[in-house]
Protein chains: 2
Amino acid sequence: MSTTISTDGVGAASARVAAYLRDLILRDELKPGDRIRQEDIADRLGASRLPVREALRMLEAEGLTEHRTNKGARVPRLSMHEVDVVYRMRERLEPLALTESLPLLSGDDHARLEGVQQQIEANTDLDRFLELDREFHLGTYSGCHIDSLNAMVTRLWNSTQHYRRAFVAMGGQARMWVVNAEHRLLLDAVVRRDPADAERFLEGHIRRTRIELGHHPAVFGEQR
Amino acid sequence: MSTTISTDGVGAASARVAAYLRDLILRDELKPGDRIRQEDIADRLGASRLPVREALRMLEAEGLTEHRTNKGARVPRLSMHEVDVVYRMRERLEPLALTESLPLLSGDDHARLEGVQQQIEANTDLDRFLELDREFHLGTYSGCHIDSLNAMVTRLWNSTQHYRRAFVAMGGQARMWVVNAEHRLLLDAVVRRDPADAERFLEGHIRRTRIELGHHPAVFGEQR
DNA sequence: TGACACACGATTGGATCCAAAATCCAGCCT
DNA sequence: AGGCTGGATTTTGGATCCAATCGTGTGTCA
C-alpha cells in the first residue's frame with residue numbers, strides 16, 4: 001500500500017493527488033492545523049491546480065481536511081471528546097463489518113492475518129506498528145463488500161491516525177502485550193468464524209484503547 | 001429546507017451546485033442509475049463546468065453519486081443487501097448520536113419535536129412524510145455537535161432515501177400507526193432524558209423498518 | 001507612540017480553451 | 001442479414017488565464 005505514486009496514474013490525476021495527500025496526512029507529514037496550499041501540491045506532483053482542488057474536495061468529504069471559502073484547506077484539529085466519539089463509532093461499526101466479513105474469509109485470508117499478527121509481535125518500530133495494526137484490522141474486514149461500510153470504517157481510522165500515533169509514541173508501547181492478547185483472541189474467533197466472540201473481542205479492544213487514550217490528554221494539547 | 005437556490009451563493013458556487021444535486025437526488029428527480037452530465041447541470045445553474053465537477057467529487061465521497069473515469073457520474077443503484085447493511089449501520093450509529101445529543105436538548109427543542117410529530121400524525125402526503133420523518137429524527141440528534149458523526153448519519157439517510165420512498169409508496173403507509181407509536185415512545189424517552197430507553201426505542205424503530213423493507217424485494221427490482 | 005487605513009502580495013475561486021477518451025452511427029465485409 | 005471496423009460527435013479530464021478575496025506590512029495621522 002502507498003508504494004509508488006510515480007507518474008503512471010492512468011486515468012485519474014485527481015485520484016492520484018488525493019492518494020498523495022491522504023498518504024501525507026496518514027504518515028503525519030501533514031499534521032492537524034497545517035495549511036495545504038494548492039499550488040504547492042500542484043507543483044510537487046507536476047500537475048495543475050485543478051486536480052488538486054478536486055482532491056481537496058474529496059478529502060474534505062472524507063474528513064481528512066477542512067475547507068473555508070477563500071481561506072484554503074487545513075488538516076482539522078480534533079478535540080479529545082471528538083476522538084472519543086469517533087472511537088465509540090468504531091466500537092459500533094467495526095463489529096458489524098467484521099460480522100459481515102467473517103463468513104467470506106478464506107483459509108488463505110486467515111493465514112495472511114496470522115502472518116501480520118506475527119509481524120506485529122516481532123516488531124519494535126512505531127510507524128511500522130501503525131501500518132501493521134491497520135493491515136490486521138482492515139484485513140479482518142476484507143470479506144465485507146459493502147462499499148459504504150468499508151468507506152466509513154476507513155475514514156474513522158484515517159481521521160484519528162495522528163492521535164493514535166501520538167498515543168503509541170507516549171508509552172502506549174508498554175502495554176503492547178495487551179494488544180497482542182486481544183489480537184490473538186480476536187484472530188482465533190475469526191478463524192473459528194464465531195461472530196459473537198469476534199464482535200465482543202473487537203469491541204473490547206477498541207473500547208480499551210479509547211479509555212487509555214482518555215488518560216493521555218497531552219495527546220490533544222499540542223498546538224504549534 | 002431546499003427553498004430558494006437563487007443566485008446568491010456568495011462564496012461557494014461548488015457548494016451551491018452540490019446542494020442542488022443533493023436536493024434533486026433526495027427528491028427522487030434523479031434516480032438510481034441516472035447519469036449526470038456536467039454541462040447539463042452547469043447550464044441549468046448558469047455556472048461553468050468546474051464547480052459542477054467539484055460538487056460531483058463531494059457527492060461521490062458522500063455516497064450520493066458514483067464516478068468512473070472518462071465515463072461520468074451516475075446515481076448508484078443499491079442492492080437489497082446493501083440497503084440492509086446501511087440500516088444495520090444506522091441501528092448502531094444513530095443511538096450513539098442520540099445519547100450524545102440527549103443531555104443538550106432544551107425544552108424548546110422538545111416542543112419543536114412534539115410539533116413535528118403532531119404534523120406527522122396529521123399528514124397524509126408521501127413526500128411530506130419523508131420530510132417530516134427526517135426532520136424528526138435528525139432533530140433528536142441536533143444536540144450532538146460531533147461533525148463526523150452528524151455527517152455519517154446524514155449520509156446514511158441520504159443514500160437510502162430513494163428506497164425509503166419506494167417502500168412507503170408500496171403500502172408502508174398502512175402501518176403508520178406503528179411508526180407513530182414508536183415515535184411517541186422515543187420522544188417520551190427524549191423528554192425524560194433517558195438514554196437507555198431512547199437508544200432501545202430508536203434501535204427497535206430502525207430495526208423494524210429494516211425488516212419490513214426486507215419483505216418488499218420489489219423496491220429494489222426496478223431497473224429502467 | 002499607538003492605532004487605523006490603505007495598498008500590495010499571496011492565494012483561492014471561476015471561466016474558457018484544448019486534449020483525450022468513450023459513445024454512437026454508418027458503412028463495409030463476410 | 002448480421003457482426004465488425006472505422007470515423008464523427010459527445011462528454012469528460014486537465015491546463016492556463018482572469019477576477020475576487022484575504023492577510024500583511026507599512027505609512028500616516030492623531
Side-chain angles (χ1 to χ4, degrees), chain A residues 5-22 24-25 30-77 223-224, chain B residues 5-22 24-25 30-77 223-224:
Chain A
I5 309 116
S6 72
T7 50
D8 72 317
V10 180
S14 56
R16 225 171 67 243
V17 175
Y20 173 73
L21 286 173
R22 210 178 282 120
L24 282 187
I25 295 173
L30 280 173
K31 298 179 206 296
D34 283 355
R35 182 159 176 200
I36 301 175
R37 258 169 277 267
Q38 298 175 357
E39 197 157 14
D40 177 16
I41 306 298
D43 291 348
R44 227 185 290 177
L45 280 111
S48 89
R49 273 176 44 218
L50 201 147
V52 177
R53 282 165 64 177
E54 287 190 359
L56 287 174
R57 277 319 192 338
M58 293 192 279
L59 295 180
E60 183 190 11
E62 291 179 28
L64 277 181
T65 62
E66 59 186 4
H67 219 78
R68 326 238 333 159
T69 36
N70 288 324
K71 290 187 63 178
R74 301 184 99 78
V75 181
R77 218 188 282 278
Q223 13 247 24
R224 292 178 308 161
Chain B
I5 308 115
S6 73
T7 50
D8 71 317
V10 179
S14 55
R16 223 171 69 244
V17 176
Y20 173 73
L21 286 173
R22 207 178 284 118
L24 282 188
I25 295 172
L30 280 174
K31 299 179 204 298
D34 283 355
R35 182 160 176 199
I36 302 175
R37 257 168 279 266
Q38 298 175 356
E39 197 157 12
D40 176 17
I41 306 297
D43 291 348
R44 226 185 292 179
L45 279 111
S48 89
R49 271 177 44 218
L50 201 148
V52 177
R53 283 166 63 176
E54 289 190 0
L56 286 174
R57 292 297 189 188
M58 293 192 279
L59 294 180
E60 182 190 12
E62 291 179 27
L64 277 181
T65 62
E66 60 186 4
H67 218 77
R68 325 241 329 164
T69 37
N70 288 323
K71 289 188 65 176
R74 303 185 96 83
V75 181
R77 217 188 283 277
Q223 12 248 26
R224 290 181 309 160

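Residue numbering restarts at 1 for every chain, and letters A, B, ... go by the order of the sequence lines. Computed from heavy atoms alone, side chains included, the values below leave out hydrogens, waters and symmetry copies.
- Residue pairs meeting the salt bridge (charged side-chain N to carboxylate O under 4.0 Å, His left out) criterion with at least one partner in residues 64-73 of chain B, sequence neighbours excluded, are absent.
- Taking each heavy atom of B/Ser14 and B/Ala55 in turn, the nearest pair found is O-CB, 3.6 Å.
- Evaluation of the salt bridge (charged side-chain N to carboxylate O under 4.0 Å, His left out) rule for B/Arg37 yields no partner, not counting sequence neighbours.
- Of the listed nucleotides (C/dG14, C/dT12, D/dA15), D/dA15 has the atom at the smallest distance from the side chain of A/Leu50.
- Rounded to whole angstrom, the span from the CD atom of A/Glu39 across to the C1' atom of D/dT16 amounts to 12 Å.
- Exactly one residue among B/Ile41, B/Thr65, B/Leu45 makes a side chain to side chain contact (heavy atoms under 4.5 Å, CB included) with B/Leu21. That residue is B/Ile41.
- Atom CD of B/Gln38 and atom C1' of C/dT16 are 15 Å apart (whole Å).
- By the side chain to side chain donor-acceptor pair (under 3.5 Å) test, A/Asp43 pairs with no residue at all, sequence neighbours left out.
- For B/Arg35 and B/Ala47, each mapped to the nucleotide of DNA chain C holding its nearest heavy atom, the one lying further toward the 5' end belongs to B/Ala47.
- Spacing between atom CZ of B/Arg74 and atom P of D/dT11 amounts to 13 Å, rounded to whole angstrom units.
- For D/dG13, the OP1/OP2 oxygens have a side-chain nitrogen or oxygen of B/His67 closer than 4.0 Å.
- Rounded to whole angstrom, the span from the CG atom of B/Asp43 across to the P atom of D/dT10 amounts to 14 Å.
- Residues that satisfy the side chain to side chain donor-acceptor pair (under 3.5 Å) test with B/Arg35, not counting sequence neighbours, are absent from this structure.
- Between the side chain of B/Arg49 and the base of D/dG14, no donor-acceptor pair under 3.5 Å is found.
- When the P atom of C/dT23 is taken as reference, atom CZ of B/Arg68 falls 10 Å away, rounded to whole Å.
- Among residues two or more places apart in sequence or in another chain, the salt bridge (charged side-chain N to carboxylate O under 4.0 Å, His left out) test is passed with B/Arg57 by A/Glu54, B/Glu60.
- The nearest whole Å value for the distance from the CG atom in A/Asn70 to the C1' atom in C/dT12 is 6 Å.
- Across residues 53-61 of chain B, not one residue has a non-hydrogen atom less than 4.0 Å from an atom of DNA chain C.
- Residue A/Lys71 has no polar side-chain atom (N or O) positioned under 4.0 Å from OP1 or OP2 of C/dT11.
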